[in-house]
Amino acid sequence: MSPASAAATRRDDVERIDGGTVGDLLDGRWREQRRAARDLALDPELRQVLDQTVDEHRETVFQQLSTLVEKGDVLRGFPSEVGGGGDPGGNLAGFEELFLIDPSLQIKGGVQWGLFGSAVLQLGTPEQHRRWLPDIMNLVVPGCFAMTETGHGSDVSSIGTTATYDAATDEFVIHTPVASARKEYIGNAAVHGMAAVVFAQLVTDAGRHGVHALYVPIRRVAGDGTREFLPGVSGHDDGPKGGLNGVDNGQLWFNHVRVPRTSLLGRYGSVAPDGTYTSPIASPGRRFFTMLGTLVQGRVSLGGAAVGVSKAALSVAVRYGDQRRQFTGADEHEEVVLLDYQRHQRRLLPLLARTYAAGFAQQQLLERYHEVFSGEHDDDASRQDLETMAAALKPTTTWLALDALQESREACGGAGYMTENRLVSWRRDFDVYVTFEGDNNVLLQLVGKRLLTDYGKAMAKIDVAGAARYVAARAADMTLHRTPLRRAAQSIHDSGSMARSAGQLRDADTQRELLEDRVETMVAEIAGELRGVKDAPAAQAAVVFNAHQNDLIGAAQAHAELLQWEAFTAALATLPEGRTRTVLTWLRDLYGLERIEHNLAWYLTNGRITAQRARAVTGYINRLLDRLRPHAVDLVDAFGYTDEHLRAPIASGAEAVRQRDAAEHARQERAVPTR
């Protein structure tokens, strides 16, 4: 147990939770791989060096990549036939923990193996795997993932770079026609990258075939040992950024650069010597989304890293809050521990509940990822479900990370602002995770569209009479909830008792119903509005869709929160009856009710909850905070981040020692008679 844990002030008289059991549950199926990667942060060679220049930081991180290769852990996700471990889930579980060393190392490794290498693996043929993957895996060829363009960030289908086939030379000509088609924010592009997977519009004499990827060398080693661009390749160093300055991001652009025909990554599309294009997927749209879907691991892993940093930030803030004292209370001679203040609990404990919920949902996502990419359940339906779940959870967890980091920093006062305590550095580095691998709002719009599609399919299966009954029932439901009748019935059921209201709210079925109903109602209302313009001109339909875009994203967020609540509830079911399960059930209730409280305006305006029950939500949350307070340090200790992992002095127990010294000094001062 860490010194921070030993310093807890309110746990001597309560039954403790089983931290080992909770830790195993949180770390999931790949707990051993996750913990091994976590312990890499204990290696002095892999420690982040503070106050380096940008150039020094970049070189340090590049050398640390070589250390990771030597240890072999980062190659776990590649197939065994090319020297990997054949363990996609275990690989991402380990990757998620690398932020403890340095988020720049995590992202640079993600560029090399999770984007550049994964693109070759997922989009290339077996022959291309044998040709390129060994050198990518062993860092002989540092590489870039050149998809994003200055003019088309998340809109990949509209990128401007072209790859035109020249049958006379059996080559593709890679070209950047305008400045907006320059590849932008590309990791490894500024200094270290020697090759790139370049996404471009594929063109043959028969016409355009949509976006495809090609393996393109971009640099060579000059006689003096420096790296220089190959003819026709140009670039620009993006320079210092808001964070992640150990990653050398930059621009790339191409002036009629020629590569062999066999440089086209050919799993989903190939060109014969005579220029004939073939693909196993006939539909261009389906082919495009299938290719992008193979690269989903970026979203999965970024979400997992965001959960990890949320755990770490709260570990620092809760341990510090359990030791730091400020202002006297009932005892005029003893200051109050910060975490005993309700406001401090309100700041940190709901975030702790959200982090647990996010962690359990991330474990489910990782299981689905492994099933698809290990081949256990690799079919179109499984891939679509994986992509939708990743698109829902990545925004939820990356936004959670920023909330947890900012609130933890503020909760630690000036000490939290010191670089040595890591919160401000993590906040700076994780800021960009909300736009990495797809802007969060764009991803949630994709989720919303999937919810509408599934709703439409469900409605299509209902016959005419059934559809009429459904519409009538929905209309009646909306009428009922939007009049005082429903609210009056709910108040009668509560019988004027706040305790009865709270009793209903702590029931899991009630929480599920409230969370589910919000998603279903929002989707049904949007679908009803869009149904009216189903056969309208495209321009009119676009106007109506845009008018409901914000609601659609809200529905997707509500869906993600429901997924997390369900994952938390499923995890509880695996625990035996006892204190640990009871405490975690309180934490699950805090998550569900805090999310309901966060959206009380919707529940009230839609008649889903009475004013009395709304007050009961807040009242019961406060009761849960008081129940959870004695277990707060145990709950963060279960994350498995020791003092040595966190390397934050304020979380080490030093504050408790200082407080004891100060208290003893004050006692001695009081013992001296006043003259």
Side-chain angles (χ1 to χ4, degrees), residues 1-29 31-32 34-35 38 307-308 310-323 337-340 342 344-363 404 408 506 508 511 564-594 620-643 645-646 651 653 656:
M1 183 183 300
S2 68
S5 302
T9 59
R10 292 184 55 191
R11 292 182 292 160
D12 294 338
D13 58 346
V14 297
E15 183 181 352
R16 303 280 291 278
I17 66 170
D18 184 341
T21 296
V22 177
D24 286 346
L25 193 62
L26 285 164
D27 287 342
R29 172 179 172 181
R31 63 180 65 95
E32 297 306 321
R34 185 180 298 280
R35 291 166 184 174
R38 188 179 297 163
V307 173
S310 300
K311 293 176 180 178
L314 290 166
S315 295
V316 172
V318 168
R319 290 173 182 174
Y320 183 70
D322 192 56
Q323 301 165 29
V337 174
L338 289 182
L339 206 52
D340 286 346
Q342 185 192 67
H344 213 74
Q345 296 167 13
R346 263 280 181 173
R347 299 175 75 176
L348 297 179
L349 297 189
L351 285 167
L352 184 59
R354 288 171 61 189
T355 300
Y356 264 74
F360 290 132
Q362 180 67 20
Q363 290 301 325
S408 294
R506 66 171 172 259
Q511 293 175 33
Q564 292 185 332
W565 184 92
E566 290 177 335
F568 203 151
T569 302
L572 288 176
T574 67
L575 292 171
E577 293 290 341
R579 189 61 171 175
T580 298
R581 182 168 177 169
T582 297
V583 172
L584 261 65
T585 299
W586 293 339
L587 196 64
R588 189 280 313 274
D589 292 347
L590 177 59
Y591 172 74
L593 294 177
E594 190 273 338
Y620 190 56
I621 286 175
N622 290 338
R623 288 167 60 186
L624 287 171
L625 295 175
D626 194 57
R627 291 177 183 176
L628 288 165
R629 163 62 184 104
H631 304 281
V633 174
D634 285 340
L635 288 167
V636 297
D637 282 353
F639 292 147
Y641 297 137
T642 66
D643 301 343
H645 290 115
L646 296 171

> With a 4.5 Å heavy-atom cut-off, do Arg627 and Leu624 have their side chains touching?
Replying inline: yes
> When rounded to the nearest 0.5 angstrom, what distance separates CG in Leu349 from CG in Leu625?
Replying inline: 5.5 Å
> Can you tell me how far the CG atom of Asp626 sits from the CD atom of Gln342, to the nearest 0.5 Å?
Replying inline: 8.5 Å
>> To check you understand the geometry: which heavy-atom pair defines the closest contact between Thr355 and Ser310, and what is its length?
In response: OG1-CB, 3.7 Å
> Going by an N to O cut-off under 4.0 Å, is there a salt bridge joining Asp24 and Arg31?
Replying inline: yes
>> Distance check, rounded to the nearest 0.5 Å: Ile621 atom CD1 versus Glu594 atom CD?
In response: 6.5 Å
>> Looking at Tyr591 and Phe568, would you say the former's side chain and the latter's main chain have a donor-acceptor pair under 3.5 Å?
In response: no
> Is there side-chain contact between Leu646 and Arg319, with at least one heavy-atom pair below 4.5 Å?
Replying inline: yes
> What class does the angle between the rings of His645 and Tyr641 fall in, given that below 30° is parallel, 30 to 60° is tilted and above 60° is perpendicular?
Replying inline: perpendicular
> What pair of heavy atoms forms the shortest contact from Asp643 to Ala651, and how long is it?
Replying inline: OD1-O, 3.3 Å
> Ion pair present between Asp27 and Arg38, side-chain N to carboxylate O less than 4.0 angstrom?
Replying inline: yes
> So how far is it from Ile17 CD1 to Thr582 OG1, rounded to the nearest 0.5 Å?
Replying inline: 11.5 Å
> Hey, what do you get for CG (Asp634) to OG1 (Thr580), rounding to the nearest 0.5 Å?
Replying inline: 9.5 Å
> Going by heavy atoms in the side chains, are Asn622 and Gln345 under 4.5 Å from each other?
Replying inline: no
> Would you say Leu584 and Leu635 make side-chain contact, with heavy atoms under 4.5 Å?
Replying inline: yes
> Which heavy atom in Val636 sits nearest to a heavy atom in Leu314, and how many Å separate them?
Replying inline: CG1-O, 3.9 Å
> Can any side-chain N or O of Arg629 pair as donor or acceptor with the backbone N or O of Leu339 at less than 3.5 Å?
Replying inline: yes
> Under the 3.5 angstrom rule, does the side chain of Gln363 hit a backbone N or O of Leu26 as a donor-acceptor pair?
Replying inline: yes
> Shortest non-hydrogen contact from Gly359 to Val307?
Replying inline: CA-CG1, 3.7 Å
> Does Arg581 pair with Asp18 as a salt bridge, N-O distance under 4.0 Å?
Replying inline: no
> Hey, what's the ring geometry for Trp586 with His631, parallel, tilted or perpendicular (30° and 60° as the breaks)?
Replying inline: tilted
> Quick one: does Tyr356's side chain get under 4.5 Å of Phe639's, heavy atoms only?
Replying inline: yes
> Of the non-hydrogen atoms in Val22 and Ala638, which two are nearest, and what is the gap between them?
Replying inline: CG1-CB, 3.7 Å
>> So Phe360 and Gln564, do their side chains get closer than 4.5 Å, heavy atoms only?
In response: no
> Rounded to the nearest 0.5 Å, how far apart are CG of Leu593 and CZ of Arg588?
Replying inline: 9.0 Å
